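Report on the structure given below.
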Protein chains: 2
Amino acid sequence: MTVRQDVHSSGIPVLCQSCEARHRGVCGALDPDQLVGLAKTSSRHSVEPGVELIGDAETIDSYSNVLSGVVKLTKSLSDGRQQIVGLQFAPDFLGRPFKAESEINAEAATAVSLCSFPKTAIERMMKESPELEHRLLRQTLNELDEARDWMVTLGRKTASEKVASFLLMIAMNIDPAVDLAANSATFELPLTRADIADFLGLTIETVSRQLTRLRTDGVIRIENNRHVTVDSLSRLEQRSGA
Amino acid sequence: MTVRQDVHSSGIPVLCQSCEARHRGVCGALDPDQLVGLAKTSSRHSVEPGVELIGDAETIDSYSNVLSGVVKLTKSLSDGRQQIVGLQFAPDFLGRPFKAESEINAEAATAVSLCSFPKTAIERMMKESPELEHRLLRQTLNELDEARDWMVTLGRKTASEKVASFLLMIAMNIDPAVDLAANSATFELPLTRADIADFLGLTIETVSRQLTRLRTDGVIRIENNRHVTVDSLSRLEQRSGA
DNA sequence: CCGAGTCCTTGATCTTCGTCAAAGCGACTG
DNA sequence: CAGTCGCTTTGACGAAGATCAAGGACTCGG
């Protein structure tokens, strides 16, 4: 693995090219000496869709940055009902500090590449570097905001509003430069219908029906079940209930 | 206001008696000098149920510790549908660091007493004291866990499971010593039926019907609409879908 | 090219929960 | 004490979404 110790736009050195890509990377908080130490213990992986990254009640012994792809965080009830409680895009952080066990499953929703560090390395560094902990706090606060936004969607929106909200959310996360003025966007859906259902608290059939309706109403087009073109972001937004 | 600079069980000095009460207080992170500085700018308030503490899109200029009572955090859709996205019990922290505006409403659900600090004071101290930021990170991670637990409830549980889960959650938060072995608990509901509905993504009527069913099934008793006695915590848990 | 497997769509029916309406129950007021 | 107000309960009905069932579209391996 090549370690690039160049400089983030903020002036903070970064560990690897991918980590500087967007706003939530964690590596950027470390100073050069720490980076060299961390680089020795870090490793890059690529995993296929469907691979479980962190198992429920498994011991967590590593943390990761998502470099590309989408990771779904799920929780399940004892009878198998499942809920996706978060989606991690690059360069989000994966792992729950200060807890030995995870109550959450993490699974690759698409092909995913990761940059992993042993838990001990990160935790030692967190003690030494307040800046790292600061970044982690910021990311955690962002995730909390997102979780609470989604609680409104889960608790108070109709099925069609849920699906519209979901498409809007994906469009913005896949391509941060989605322009409401341009009024159109195009992207690959990172989730299957079953995943979307688990994310929205619906069934596959309801998701499918709502997507069909958006299609026949001319708001979106879908090719190969995955490739989505939004022809009217504003109409999609109207339907999202915001 | 009297400043008690005595020592937390962890050996960390605390600002005021109430803040050391449970596990999530923030004051405990400060050293004595900082405490004296903070004490000068802090103030204690008591507010009546229904009082709005932080308005949506209002500027946040202070942070608070909840000393007693329950604060509900809500988000609303433009047409008035509302969702409670969190409940803060003592000694939780109130306020969103690193953001000028709140997208959230905070309202006293019961009589509440607070210990407030100006935003500037806390933010300055956060820069100086990594321990404070560390505490904040821990609380934020806990809140994130809670939010994600609740997403499962909102997305995947039935109305009766939701109500059972809610009662269980309240029982444990009001009285951390709730003993599953003892199998019974008693507490005052901090929320009205309307609030419970907004918390669970249901209607008042559905909440009422489910409570009635729990009552006629002998799982709980309710006096004066507020005072709840759980006669069988294990039966309540069975119905919570966990 | 065929057959199996996976994922998605569509239709018919059923259930749960929301909506609408009315009435009960305290608490407070004049 | 009657009257009002806020909160809750209960019932009748309807609608949104779940469930059940069937079939279509695409991929992969022979």
Side-chain angles (χ1 to χ4, degrees), chain A residues 48-50 72 77 79-83 107 109-111 153-167 188-217 220-228 239 241, chain B residues 48-51 72 77 79-83 107 109-110 153-167 188-217 220-228 239 241:
Chain A
E48 293 299 295
K72 53 182 185 179
L77 299 176
D79 62 1
R81 283 174 288 176
Q82 201 175 54
Q83 176 70 43
E107 186 184 322
T110 64
T153 300
L154 285 172
R156 288 304 186 197
K157 289 189 186 175
T158 64
S160 76
E161 288 169 338
K162 284 179 177 181
V163 171
S165 303
F166 170 76
L167 291 175
E188 301 295 312
L189 268 184
L191 302 186
T192 65
R193 303 293 186 271
D195 285 337
I196 299 174
D198 280 347
F199 194 54
L200 297 174
L202 300 171
T203 58
I204 304 181
E205 294 94 328
T206 301
V207 171
S208 180
R209 280 186 247 271
Q210 296 302 334
L211 286 173
T212 301
R213 202 148 75 85
L214 286 173
R215 223 178 322 111
T216 58
D217 289 357
I220 60 173
R221 279 171 290 155
I222 305 183
E223 284 148 45
N224 295 326
N225 287 338
R226 287 266 172 177
H227 187 79
V228 177
R239 292 173 185 235
Chain B
E48 293 300 294
V51 172
K72 54 182 184 178
L77 300 176
D79 62 1
R81 282 174 288 176
Q82 200 173 55
Q83 176 69 43
E107 186 184 323
T110 64
T153 301
L154 285 173
R156 289 302 185 197
K157 289 188 186 175
T158 64
S160 77
E161 289 170 338
K162 284 180 178 181
V163 171
S165 304
F166 170 76
L167 291 175
E188 301 296 312
L189 267 186
L191 302 186
T192 65
R193 303 292 185 272
D195 285 338
I196 299 173
D198 280 347
F199 195 54
L200 297 174
L202 299 172
T203 59
I204 304 180
E205 293 93 330
T206 300
V207 171
S208 179
R209 280 185 248 269
Q210 297 302 334
L211 286 174
T212 300
R213 201 147 76 85
L214 286 173
R215 220 176 327 108
T216 59
D217 290 357
I220 60 173
R221 279 170 291 156
I222 305 183
E223 286 149 46
N224 296 327
N225 287 338
R226 288 268 173 175
H227 188 78
V228 177
R239 293 173 184 234

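All values below were derived from every heavy atom in this structure, side-chain atoms included, with hydrogens, water molecules and symmetry-related copies excluded. Everything numeric in this text was worked out from a predicted model, so none of it was measured.
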Between [X] and [N], is there a side-chain N or O to OP1/OP2 distance below 4.0 Å?
X      : N      : value
B:T212 : D:dT10 : yes
A:R209 : C:dT10 : no
B:R193 : D:dT8  : yes
B:T206 : C:dC17 : no

Query raised in the report: Base, sugar-phosphate alone, or nothing: which one does B:G201 contact when heavy atoms must sit under 4.0 Å apart?
Result: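 Contact class for B:G201: sugar-phosphate only.
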
Requested in this report: Classify the nucleic acid contact of B:L202 as base, sugar-phosphate or nothing, counting any heavy atom under 4.0 Å across all strands shown.
Outcome: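 Since only primed, P, OP1 and OP2 atoms lie under 4.0 Å of B:L202, the category is sugar-phosphate.
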
Given atom [atom1] of [X] and atom [atom2] of [N], what is their separation to the nearest angstrom?
X      : N      : atom1 : atom2 : value
A:R226 : C:dC8  : CZ    : P     : 7 Å
A:E223 : C:dT9  : CD    : P     : 14 Å
B:L200 : C:dC17 : CG    : C1'   : 13 Å

Query raised in the report: Do B:Q210 and C:dC17 share a donor-acceptor pair, side chain to base, under 3.5 Å?
Result: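 Checked by distance alone, the answer is no.
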
Report task. Would you state whether a donor and an acceptor, one from the side chain of A:R215 and one from the base of C:dT10, lie under 3.5 Å apart? Result ->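 Donor-acceptor pair under 3.5 Å: no.
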
Which nucleotide in the set [options] lies at the smallest distance from any side-chain heavy atom of [X]?
X      : options               : value
A:T203 : C:dT9, D:dA18, C:dC17 : D:dA18
A:I204 : D:dG17, C:dT9, C:dC20 : C:dT9
A:N225 : C:dC8, D:dT8, D:dA21  : C:dC8
A:E205 : C:dC8, C:dA21, D:dC20 : D:dC20
A:S208 : C:dC17, D:dT10, C:dC8 : C:dC8

Query raised in the report: Between the main-chain N or O of B:R239 and the side-chain N or O of B:E161, is there a donor-acceptor pair closer than 3.5 Å?
Result: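 No.
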
Query raised in the report: Looking at OG1 of B:T203 and CD1 of B:I196, how far apart are the two atoms once the value is rounded to the nearest 0.5 Å?
Result: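 It is 12.0 Å, given to the nearest 0.5 Å.
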
Requested in this report: Could you check if a side-chain atom of B:L200 sits within less than 4.5 angstrom of a side-chain atom of B:T206, using non-hydrogen atoms only?
Outcome: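 Contact flag for B:L200/B:T206 side chains = no.
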
Query raised in the report: Does the pair A:K72/A:E107 count as a salt bridge with the N-to-O cut at 4.0 Å?
Result: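 Yes, this pair counts.
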
